[in-house]
Visitor: 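Right, I'll just put the structure down here and ask away after.
Side chains included, hydrogens not; waters and symmetry mates left out as well; all remaining heavy atoms used.
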Amino acid sequence: MESSWEDLEEVYGERVEAAFSAAQRLLGNGAAAFAQEFYHHLLEEDRARTILGRLDRTAYEALQRNQERYLQMLISPALELAEHVTHARNVGRIHALSGVENTLLADAYSLYHSRAARLLREHGTPDREADSVLYHLSRRLALGNL
């Protein structure tokens with residue numbers, strides 16, 4: 001394991017089980033809608049629209065399902081760092097081969113965070129619980145940018 005990931009270990013395992021159990025309860029059922037909204041927003045960006053426009057309908061729908069699974073993985077209390085690192089490396093290769101730039105990834109990261117925050121507010125999640133979920137989710141999302 002590389003040293004840049006060592007400080008992320010705090011967002012895996014028993015230490016964060018409560019936060020991610022809450023996240024699963026609050027966000028998990030909305031994963032499909034989350035993915036649809038995520039790609040709808042991305043299609044407003046010229047760079048993303050160019051990349052996503054290369055996909056046929058079947059590939060685009062598969063990508064949305066993958067995004068649903070990614071959200072489910074991110075908020076899973078059982079997610080382990082090694083599993084996440086492997087997944088991040090694979091997705092990173094796909095992004096690189098597809099021409100996804102770091103600025104677009106940063107936009108996607110921001111979108112994930114803002115949409116999750118909105119969903120938590122809509123569910124009436126107490127601020128302290130929402131802050132914990134968003135902090136830990138942000139730390140896990142950061143792995144994709146390493």
Side-chain angles (χ1 to χ4, degrees), residues 1-17 19-123 125 130-146:
M1 199 173 321
E2 296 180 19
S3 62
S4 60
W5 294 323
E6 289 173 1
D7 65 339
L8 290 173
E9 287 183 15
E10 70 184 41
V11 294
Y12 301 90
E14 292 179 11
R15 293 178 297 274
V16 295
E17 189 171 321
F20 283 111
S21 292
Q24 235 176 3
R25 186 178 68 253
L26 298 168
L27 302 175
N29 291 335
F34 188 96
Q36 285 179 334
E37 188 175 342
F38 178 80
Y39 282 107
H40 177 77
H41 181 82
L42 281 181
L43 286 170
E44 295 174 3
E45 284 279 332
D46 289 338
R47 298 166 296 166
R49 190 171 41 253
T50 298
I51 293 167
L52 294 172
R54 298 178 195 146
L55 304 175
D56 64 19
R57 183 179 179 91
T58 302
Y60 181 78
E61 289 171 355
L63 188 61
Q64 274 192 308
R65 286 189 302 276
N66 286 342
Q67 197 65 44
E68 289 174 44
R69 285 191 293 275
Y70 179 62
L71 174 61
Q72 293 288 356
M73 182 190 79
L74 280 177
I75 62 176
S76 171
L79 180 63
E80 295 180 6
L81 178 60
E83 173 190 2
H84 196 183
V85 167
T86 298
H87 184 271
R89 284 180 174 156
N90 291 334
V91 171
R93 285 184 197 104
I94 293 167
H95 285 155
L97 292 171
S98 302
V100 176
E101 301 169 2
N102 285 339
T103 54
L104 190 54
L105 291 173
D107 289 346
Y109 172 92
S110 177
L111 181 60
Y112 247 86
H113 192 271
S114 66
R115 295 298 189 252
R118 188 194 53 157
L119 287 171
L120 291 168
R121 279 193 313 276
E122 287 175 359
H123 281 93
T125 307
D131 289 347
S132 177
V133 167
L134 292 171
Y135 171 77
H136 292 96
L137 178 62
S138 293
R139 299 280 293 162
R140 284 185 175 185
L141 281 167
L143 181 59
N145 294 326
L146 295 179

Visitor: Counting only N and O atoms by type, is there a donor-acceptor contact under 3.5 Å from the side chain of S98 to the main-chain atoms of V100?
Guide: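 Judged by distance alone, no pair lies under 3.5 Å.
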
Visitor: Taking S110 for the side chain and A106 for the main chain, is one N or O donor matched with an acceptor at less than 3.5 Å?
Guide: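 A pair under 3.5 Å: no.
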
Visitor: Once rounded to the nearest 0.5 Å, what's the spacing between atom CG of D107 and atom CG of N102?
Guide: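 The CG atom of D107 sits 11.0 Å away from the CG atom of N102.
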
Visitor: Counting only heavy atoms not in E44, do more than 12 fall under 6.0 Å of its CD?
Guide: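 For E44, atom CD is crowded (more than 12 foreign heavy atoms under 6.0 Å).
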
Visitor: Using side-chain contact (heavy atoms from CB on, under 4.5 Å), reason through Y112 and S138 one step at a time and then give a plain yes or no.
Guide: CA-CA 9 Å; Y112 247 86; S138 293; over 6 Å; no

Visitor: If you measure from NE2 on H113 to CG on L137, what distance do you get to the nearest 0.5 Å?
Guide: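 Rounded to the nearest 0.5 Å, the NE2-CG separation comes to 7.0 Å.
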
Visitor: Roughly how far, to the nearest 0.5 Å, is the CE atom of M73 from the CD atom of Q67?
Guide: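 Going from CD on Q67 over to CE on M73, the span is 10.0 Å.
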
Visitor: Which heavy-atom pair separates V16 from H136 by the least distance, and what is that distance?
Guide: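 Scanning both residues completely, I find the closest heavy atoms to be CG1-CD2, 3.1 Å.
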
Visitor: I need the minimum non-hydrogen distance between A23 and V133, along with the two atoms involved.
Guide: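 Closest approach of A23 to V133: CB-CG1, 3.7 Å.
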
Visitor: Could you check whether the rings of H87 and Y70 sit parallel, tilted or perpendicular, using 30° and 60° as the cut-offs?
Guide: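 Correct class here is parallel.
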
Visitor: With a sphere of 6.0 Å drawn around CZ of R54, does it hold more than 12 non-hydrogen atoms of other residues, nucleotides or ligands?
Guide: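 Atom CZ in R54 is crowded, with more than 12 foreign heavy atoms closer than 6.0 Å.
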
Visitor: Taking all heavy atoms of L43 and all of Y60, pick out the closest pair and write down the distance.
Guide: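 Closest heavy-atom pair between L43 and Y60: CD1-OH, 3.5 Å.
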
Visitor: How far does CZ of R69 sit from CG of L71, to the nearest 0.5 angstrom?
Guide: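 The distance works out to 12.0 Å.
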
Visitor: Looking at A35 and E68, what are the two nearest heavy atoms and their distance?
Guide: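 Taking A35 first and E68 second, the nearest heavy atoms are CB-CG, 3.6 Å.
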
Visitor: Let me confirm one number: the CD-CG distance from E45 to L52, rounded to the nearest 0.5 Å.
Guide: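 The CD atom of E45 sits 11.0 Å away from the CG atom of L52.
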
Visitor: Tell me every residue that passes side chain to side chain donor-acceptor pair (under 3.5 Å) with E83, counting only those two or more places apart in sequence or in another chain.
Guide: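 None.
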
Visitor: To the closest 0.5 Å, what do you measure between CZ (R115) and CD (E122)?
Guide: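 So the gap between those two atoms works out to 10.0 Å.
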
Visitor: Of all heavy-atom pairs between F34 and A116, which one has the smallest distance, and what is that distance?
Guide: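 So the minimum-distance heavy-atom pair works out to CE1-N, 3.9 Å.
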
Visitor: Which atoms form the tightest heavy-atom contact between T103 and R47, and what is the distance?
Guide: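 Looking at all heavy atoms of both residues, the closest pair is OG1-NH1, 2.6 Å.
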
Visitor: R140 and Y12: side-chain contact (heavy atoms from CB on, under 4.5 Å), yes or no, with the steps?
Guide: CA-CA 9 Å; R140 284 185 175 185; Y12 301 90; 3.7 Å; yes

